[in-house]
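Before any comments, here is the structure.
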2 protein chains.
Amino acid sequence: MAQSVANTVLVESGRDRILDEAAALFLRHGYEGASLRQLADTVGMKAGSLYYHFASKDDLLTEILRRGIDVMQTAFDDAEAASADARPVARVEAHVRAHLSALFENGPYTAAHVMTFRTAPETVREVVVPLRDAYEARWTEMLRLLQADGALDPTVDVNVIRLVLFGAMNASVEWFDTDRGNLDRFAAAITGQFWNGVGA
Amino acid sequence: MAQSVANTVLVESGRDRILDEAAALFLRHGYEGASLRQLADTVGMKAGSLYYHFASKDDLLTEILRRGIDVMQTAFDDAEAASADARPVARVEAHVRAHLSALFENGPYTAAHVMTFRTAPETVREVVVPLRDAYEARWTEMLRLLQADGALDPTVDVNVIRLVLFGAMNASVEWFDTDRGNLDRFAAAITGQFWNGVGA
DNA sequence: TTGCCTACCTAACGAACGTTAGGTAGGGTG
DNA sequence: CACCCTACCTAACGTTCGTTAGGTAGGCAA
């Protein structure tokens, strides 16, 4: 019982376990490429039983995408609180580190989100789009303020540099290995490249 | 007959037409999300007839991924020839512009490649990986030489900045609209951000 | 004219898919 | 002890999937 309690904590069971494994599967094989029977196998139940927890496969994806954004928003909150009156470049680095934390250190939801959203069924995307927009708006607003304060090159398009930065960070899901690289250093590198460029 | 010849040129038929539409479908819905019947419908034939041109769906994907790399390589060749003795930043911009050209101006193959490769079946990936590596190696080598010549910040990891740059460019498939934006200006913007950064 | 090759078609196969209906073991509550 | 609710199970439904076998119209060659 002590062990069963420990197990419940170490590897969760039930609904959260399903979401975790589903997000990992969707990330690896894509949404349509992962089947519910495959998912049921990895969580140790039968495909039909998944419907006790979720109304449909689309529903499952919707909640995963939603959680992905929740994780990003929470990370953004933390970065905001921690770097509210830091220097501009330090503010950016804090938020870059936070976004990377969402991608790599808080479950597979954010990674699954950024990788599966584009090909998700339109009915699912419709539900999630406003949440995405809200998160993106916070980034845009932060960068806009930095530019208004003269900390950012006034000639750049804030939306473009945000999308370029997002592309770079999100793509790292495909190649960055947390076992071999350090996220603090990576955040510093990507921020340095973003802020100062790589030209000598 | 004059018209049929014109049609053959304007909207191609047969094998190339299938590949074109398949790449576009895989790009939009993902590889597993797009069905052969859907593909057959858009090219105006029956699903079984596709097998006159391709041995399997995996085979179709393999050729699309291969073409995606061919397009990139050709673009790289052109950029190399056109900017062989240009200033470092102009060399980089030429290659950025070339990669964007591969993504947006030479059919859906490169875009389909960068978006579907990650979730492609392992047997398909195995075939394509060496080709990808060869293309990536050319970029790495170019950046390495720039760094050796003192044109690039000696402290940065060439492989990391390449992956960051690739992530930014490839992700633009998701948001950049060639009808509303100019690729020359976009290439200049992304190169400027890459080379000089956005800090004021 | 005969014959062949190209480029399709029709029709179906078995497997896998998401999904559902109805059943059941077991712990918690009255 | 009786009851019920949670968390599954079994078993199947109808659909769609990739794929295949066999047929065929039309153009080109001999």
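Keep in mind the model is a prediction, meaning the values are calculated, not measured. Just so it is clear: chains get the letters A, B, ... in the order the sequence lines come, proteins before strands, and each one is counted from 1.
When rounded to the nearest whole Å, the span between CG of B:Leu39 and C1' of D:dC17 equals 14 Å. Remark: P of D:dT15 and NZ of A:Lys57 are 19 Å apart, rounded to the nearest angstrom. Taking atom CG of B:Leu50 as the reference point, atom P of C:dT10 lies 13 Å away to the nearest angstrom. B:Tyr31 places its OH atom 12 Å from the C1' atom of D:dC17, with the value rounded to the nearest Å. Atom NE2 in A:His29 sits roughly 16 Å away from atom C1' in C:dC17 (whole-Å rounding). Per the geometry, CG belonging to A:Asp58 stands 10 Å off P belonging to C:dG18, to the nearest Å. Rounded to whole Å, the distance from CD on A:Gln38 to P on D:dC17 is 18 Å. Taking atom CG on A:Asp59 and atom C1' on C:dG18, their separation rounds to 13 Å, with Å as the unit.
Side-chain proximity of B:Tyr51 to D:dG18, C:dT19, C:dA7: nearest is D:dG18. Side-chain atoms of A:Ser49 lie closest to D:dC8 of the nucleotides D:dC8, D:dT19, C:dC8. The side chain of A:Met45 lies closest to D:dC9, out of D:dT19, C:dT19, D:dC9.
For the pair A:Lys57 and A:Tyr51, the cation-pi criterion (under 6.0 Å, within 45° of the ring axis) is not fulfilled. Taking the ring centre of A:Phe166 as origin, the terminal cationic atom of A:Arg162 falls inside the region bounded by 6.0 Å and 45° from the ring axis.
A:Ala40 comes within contact range of no nucleotide atom at all, as no heavy-atom separation falls under 4.0 Å. Residue-level contact check: A:Lys46 touches the bases, meaning some heavy atom is under 4.0 Å from a base atom.
Between A:Ser35 and C:dC17, a side-chain N or O to OP1/OP2 separation shorter than 4.0 Å is present. For A:Tyr52 and D:dC8, the shortest distance from a side-chain N or O to OP1 or OP2 is not below 4.0 Å. Between B:His53 and the phosphate of C:dC8, there is a side-chain N or O to OP1/OP2 separation shorter than 4.0 Å.
Ring-plane geometry between A:His113 and A:Phe117 is classed as parallel, the angle between the planes falling under 30 degrees on a 0 to 90 degree scale with a further cut at 60.
Side-chain polar atoms of B:His29 and A:Tyr31 form no donor-acceptor pair below 3.5 angstrom.
Comparing A:Leu36 and B:Ala47 along DNA chain C, the residue whose closest nucleotide (by nearest heavy atom) sits nearer the 5' end is B:Ala47.
The aromatic ring centres of B:Phe186 and B:Trp175 sit less than 6.0 Å apart.
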